[in-house]
Protein chains: 2
Amino acid sequence: MLKEKNGDVAPIRAAVANEDGIDFTLIELFFFAYRDFTSDPDQMLADYGFGRAHHRVLHFVNRRPGLTVAELLDVLKITKQSLARVLKQLIDTGHIVQLQGPRDRRQRELYPTARGRELALALSRPQSRRIHGALMEMKGEGRKAIEQFLKAMVNPELRVQIDADPLHRMEEDRE
Amino acid sequence: MLKEKNGDVAPIRAAVANEDGIDFTLIELFFFAYRDFTSDPDQMLADYGFGRAHHRVLHFVNRRPGLTVAELLDVLKITKQSLARVLKQLIDTGHIVQLQGPRDRRQRELYPTARGRELALALSRPQSRRIHGALMEMKGEGRKAIEQFLKAMVNPELRVQIDADPLHRMEEDRE
DNA sequence: CAATTAAGTCAGCACTATTGACGTATTCTG
DNA sequence: CAGAATACGTCAATAGTGCTGACTTAATTG
């Protein structure tokens, strides 16, 4: 037995093939694609002293104005403390405003201001351009296929959040 | 003029439509898809005290055994210091070994051990299963379209890294 | 031999995220 | 109506990942 106590540290010189039928190619592409997809807004955000978290908050508040804090936490899947700082900064800089909930006054409904709307659009513009360009490089009816694929990548129990068209979403989707 | 010094903080109550032709639907889906795509390995990694960065290093060392540190930095687009901590942990735990470069002895070629190979496979298994499941939900020849799309999402100047099939990549792709 | 390069390391910092605890206002329930 | 539950905000402490800049060692290159 030539094994060390910490296990066999002999180098494996062969690259992973598609062992066990694992699709390393698409896994890797998904990583690269997302890395570059987020790089454009990340650069802009740096000018504001913001990070990626600010973008996400801004995005969903623009997508679903009137969101409550609890709903936002649910969509982002982060904790209250993680959101707190980011949200406070966006409010302090006049990108988002809070209104007391009309039915339940404990709630704070979140709305973008004109400035917040503009920033959200500016951040999304290069991302949309990148997506549009990628679709152009494909043949014909690509967009539908991509939408289907991405939606199918999301955990089934979370697909209610997806809300491809917010205008068609009813209140009952949430609980 | 009713504007405050910090700008107009009037709430915008309308959800963003596809203003300026921005495809918010796909932007949002890409976010959700990637979030869930990384959630499975993230949970496993927690058992080892590792994070997502460890996974990425492990992935590329398994994909291209013999990578040097400099090449790895170039692929990951992070700094030496960011890599240092993560790489050291993977070496200390016997997942990766370093061999002195045969031509240039300053270089350290990185190889997975059996343990490192196993962990890389284990981490990628749920991701590949998710991708495979998503492709199944689409019609017929979806995989090719998805590969095309994801590749097109990557910055053109970085596509040389992509290396869809490492066995076909020649040394000249790097500099 | 001098300059450059590959790698490792140190110190300090920023951002995002975590858990747990606690306070306050409001609403719901028995 | 009193007490429980809820929505939100905040505090303290911690972790993981990333950054910049500076420095050392060893090896290669000119």
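Numbered from 1 within each chain, the chains take letters A, B, ... in sequence-line order.
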In whole Å, what is the span from the [atom1] atom of [X] to the [atom2] atom of [N]?
X: B:R35; N: C:dA17; atom1: CZ; atom2: C1'; value: 15 Å
X: B:I91; N: C:dA7; atom1: CD1; atom2: C1'; value: 11 Å
X: A:K77; N: C:dT18; atom1: NZ; atom2: C1'; value: 16 Å
X: B:D74; N: C:dA7; atom1: CG; atom2: P; value: 12 Å
X: B:I78; N: C:dG8; atom1: CD1; atom2: C1'; value: 15 Å
X: A:L58; N: C:dT16; atom1: CG; atom2: P; value: 13 Å
X: B:K88; N: C:dA7; atom1: NZ; atom2: C1'; value: 14 Å
X: B:L45; N: C:dA17; atom1: CG; atom2: C1'; value: 16 Å

Taking the six-membered ring for Trp and the single ring otherwise, decide whether the centroids of B:F50 and B:H95 are under 6.0 Å apart. yes
When the ring centroid of B:F60 is compared with that of A:F24, is the distance short of 6.0 Å? no
Expected output: side-chain [X] to main-chain [Y] donor-acceptor under 3.5 Å:
X: B:E109; Y: B:G101; value: no
X: B:D36; Y: A:N155; value: yes
X: A:R108; Y: A:R105; value: yes
X: A:S128; Y: A:S124; value: no
X: A:R159; Y: A:V154; value: yes
X: A:R143; Y: A:H132; value: no

Can you give me the N/O atom pairs linking the protein to nucleotides 19-24 of chain C at distances under 3.5 Å, or say none if there are none?
{"residue": "C:dG20", "atom": "O6", "partner": "A:Q81", "partner atom": "NE2", "Å": "2.8"}
{"residue": "C:dA21", "atom": "N6", "partner": "A:Q81", "partner atom": "NE2", "Å": "3.2"}

Applying the side chain to side chain donor-acceptor pair (under 3.5 Å) criterion to A:H54, which one of A:Q89, A:H59, A:R85 satisfies it? A:Q89
Between the CZ atom in A:F149 and the CG atom in B:L29, the distance rounded to the nearest 0.5 Å is 11.5 Å
Give a yes/no on whether any side-chain N or O of A:H54 is located under 4.0 angstrom from OP1 or OP2 of C:dC15. no
Can you name the salt bridge (charged side-chain N to carboxylate O under 4.0 Å, His left out) partners of B:R117, sequence neighbours left out? A:E19
Which part of the nucleic acid, if any, lies within reach of A:Q98 when heavy atoms closer than 4.0 Å are counted: base, sugar-phosphate only, or nothing? sugar-phosphate
Any base atoms under 4.0 Å from B:R52, or only sugar-phosphate, or nothing? Heavy atoms, all strands. sugar-phosphate
Using every non-hydrogen atom in the two residues, find where A:Q127 and A:T38 come nearest and quote the distance to one decimal. NE2-CA, 4.1 Å
So salt bridge (charged side-chain N to carboxylate O under 4.0 Å, His left out) across residues 37-55 of chain B, not counting sequence neighbours, yields B:D40-B:R130, B:D42-B:R52
Outermost DNA chain D nucleotides near chain B [under 4.0 Å, heavy atoms]: D:dG16 to D:dT28
Inspect the surroundings of CD in B:Q100 and state if more than 12 heavy atoms from other residues, nucleotides or ligands are less than 6.0 Å away. yes
Degree of bending, the helix from C:dC1-D:dG30 to C:dG30-D:dC1 (end axes from five pairs; round to 10°): 20°
Whichever of A:R105 and B:V69 has its nearest DNA chain C nucleotide further upstream toward 5': B:V69
Using a cut-off of under 3.5 Å, enumerate the N/O to N/O pairs linking the protein to nucleotides 2-5 of chain C.
{"residue": "C:dT5", "atom": "O2", "partner": "B:R106", "partner atom": "NH1", "Å": "2.3"}

